[in-house]
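Reading through the structure tokens given below for one structure.
Heavy atoms only: backbone and side chains are in, while hydrogens, waters and symmetry mates are out. In each ligand, atom 1 is the first atom listed, and ligand 1 is the first ligand listed.
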Amino acid sequence: MNHFEYKDGELHAEGVRLSELANRIGTPFYVYSSATLERHFQVFSQALWGQEALKSPKGEAPLIAYAAKANSNLAVLQTLAEQGAGADTVSEGEIRKALMAGIPADKIVFSGVGKTDEEMAFALKTGIYQLNVESKPELERLSHVAGSLGLVAPLVIRVNPGVGAGGHAKITTGGAKDKFGVSAEEAIALYAQAASDPNLAPLGIACHIGSQISDLVPMQEAFSRMKGWVQELRAAGLSVERLDLGGGLGVPYFNQTEPPPPADFAEMVALTVGNLGLRYTFEPGRLISANAGIMISKVIHIHERESSGQKFLVVDAAMNDLMRPALYDAYHDIRPVVAPADPLKATYDVVGPICETGDTFTRGRTLPVARAGDLVAFMSAGAYGAVMANEYNSRPLIPEVLVREDKWAVIRPRPSYEEMMNREVLPEWLKPHSDKA
Ligand code: LLP
């Protein structure tokens, strides 16, 4: 469920009319709904928090560490922090943003296959909840960094469970050939190594098998393997206090099979790995923010190829603003912002202005007949949208807006062309152009 609905024939974000917003700030832009962010966080958390089998021995509910990579705007992070969210982070920048948004360090997880020494040191000094260690060289560097700071590093070992899943090959992470984590055998050896290292505190194991997963079966398979490894570690005399089961639950992108609801996921988790006498962590990203955001764009014109009749709906947003279709052939529902009175439909290729064929949002999509100047909404764009945008073709990053009921605020302004260019610096041997004359 989300809060983007038609009222009086016009698409709204909660109580805000999107055509009005477009008039005020120009297109393209991202807009997020606070109510949807909050609702998704609550639905997911309550499902897991409600499972007795997922309480820790101390009675702690699972840590829900929102995967900041999905949408790390400070206002989004703070909205979720106020709901009790922790953060799953993958860089010093994300840790800094999470802290800035009011997420306490003891609710922050730091994952990633290539953490630098500087990033590890930064994380340790904050008092972070845990580092998810993904390899032997990383474990050894972490020991060194912690030792030099006189700190003990709280860590879990990321296991690659050999079960991959996800909406696209590029977002599957748990396959045996994927770069993430170590094999189960290596995890057990590394765990023992860490347990005998005074700079390291191995607390448990972690996995994350992919993203946009629409089927509980591979997750269940991976989780039951994780349970086996927890038992194996304990049988070897090692203490295991934490189990991090990653994120990955998919969302409906309109044309795809309905992913399982969080309640079914929570039940499966409780049945598969409940009552293990440890604290659980989950790292949902997409599930929280994807359907809490949309991208609004304007139709520049419609180019109909005379020879074939093929119609290109050329919009002012492009692959640099929303990369998912270009990168993963992702499907985003495209809706008119003002519901057309005319029921007529046409088949379009929806494209942006960038000089690449990849800059195609969809091919052969049947949509209401559009005209130049019409506004269109790219739905389900709140996760992996703005965060992945770039300035290819010297197109400034598009703004982000957060709505709460009938209030709205620009939470990242559109930079001017001057601001964009002022970030670049001429070397002293190239005189500023204006001085040359
Ligand atoms: N935890 C770890 C360790 C991850 O690598 C990821 C996502 C998550 C949690 C959150 O997964 P989620 O709940 O959002 O599925 N850019 C791609 C998605 C990349 C996901 C990478 N890892 C896309 O636009 O589909």
Give a yes or no on whether a salt bridge exists between Glu138 and Arg158, defined as a side-chain N under 4.0 angstrom from a carboxylate O.
-> no

Residue part near ligand 1, for Met323, under 4.0 Å between non-hydrogen atoms = neither

Please confirm whether the backbone N or O of Thr116 pairs with a side-chain atom of Glu119, one donor and one acceptor, at under 3.5 Å?
-> yes

Sub-4.0 Å atoms of ligand 1 with respect to non-hydrogen atoms of Asp88 | 1 (N), 2 (C), 9 (C)

For the pair Phe361 and Phe378, name the ring-plane relationship: parallel under 30°, tilted 30 to 60°, perpendicular over 60°.
-> tilted

Nearest protein heavy-atom contact for atom 17 (C) of ligand 1: which residue, which atom, what distance?
-> Tyr328 OH, 3.2 Å

For Ser111, which of Asp88, Thr89, Asp244 qualifies under side chain to side chain donor-acceptor pair (under 3.5 Å)?
-> Asp88

Ranking His208, Glu134, Lys69 by closest non-hydrogen atom to atom 11 (O) of ligand 1, top hit is His208

Side-chain donor-acceptor contact under 3.5 Å, Thr347 with Thr366 | yes

Which atoms of ligand 1 sit under 4.0 Å from any heavy atom of Gly248?
-> 11 (O), 12 (P), 13 (O), 15 (O)

Name the closest protein heavy atom to atom 20 (C) of ligand 1, giving the residue it belongs to and the distance to 0.1 Å.
-> Tyr384 OH, 3.6 Å

With a 4.0 Å heavy-atom cut-off (strictly under), which part of Val90 contacts ligand 1: side chain, backbone, both or neither?
-> neither

Under 3.5 Å between some N or O of ligand 1 and some N or O of Ser211?
-> yes

Tell me which part of Phe180 gets within contact of ligand 1: side chain, backbone, both or neither, using heavy atoms under 4.0 Å.
-> neither

Are Glu232 and Arg225 within salt-bridge range, i.e. N to O under 4.0 Å?
-> no

Could you list the atoms of ligand 1 found under 4.0 angstrom from a heavy atom of Arg158?
-> 3 (C)

Atoms of ligand 1 less than 4.0 Å from Pro284 heavy atoms?
-> 13 (O)

Which atoms of ligand 1 have any heavy atom of Gly285 under 4.0 Å away?
-> 12 (P), 13 (O), 14 (O)

Between atom OG of Ser297 and atom CG of Asp374, what is the distance when rounded to the nearest 0.5 Å?
-> 11.0 Å

Heavy-atom count around Arg363 CZ within 6.0 Å, excluding the residue itself: above 12?
-> no

Atom 3 (C) of ligand 1: which of Glu283, Met388, Arg286 has the nearest heavy atom?
-> Glu283

Which residue and non-hydrogen atom of the protein lie closest to atom 24 (O) of ligand 1, and at what distance in Å?
-> Arg324 NE, 2.6 Å

Please could you name the atoms of ligand 1 that Gly247 approaches to less than 4.0 Å, counting only its heavy atoms?
-> 9 (C), 13 (O)

Does His301 NE2 have over 12 foreign heavy atoms under 6.0 Å away?
-> yes

Please state which protein non-hydrogen atom is closest to atom 19 (C) of ligand 1 and give its distance, to 0.1 Å?
-> Ile171 CG2, 3.7 Å

Ring-face cation contact, Tyr331 with Arg324, 6.0 Å cut, 45° max = no

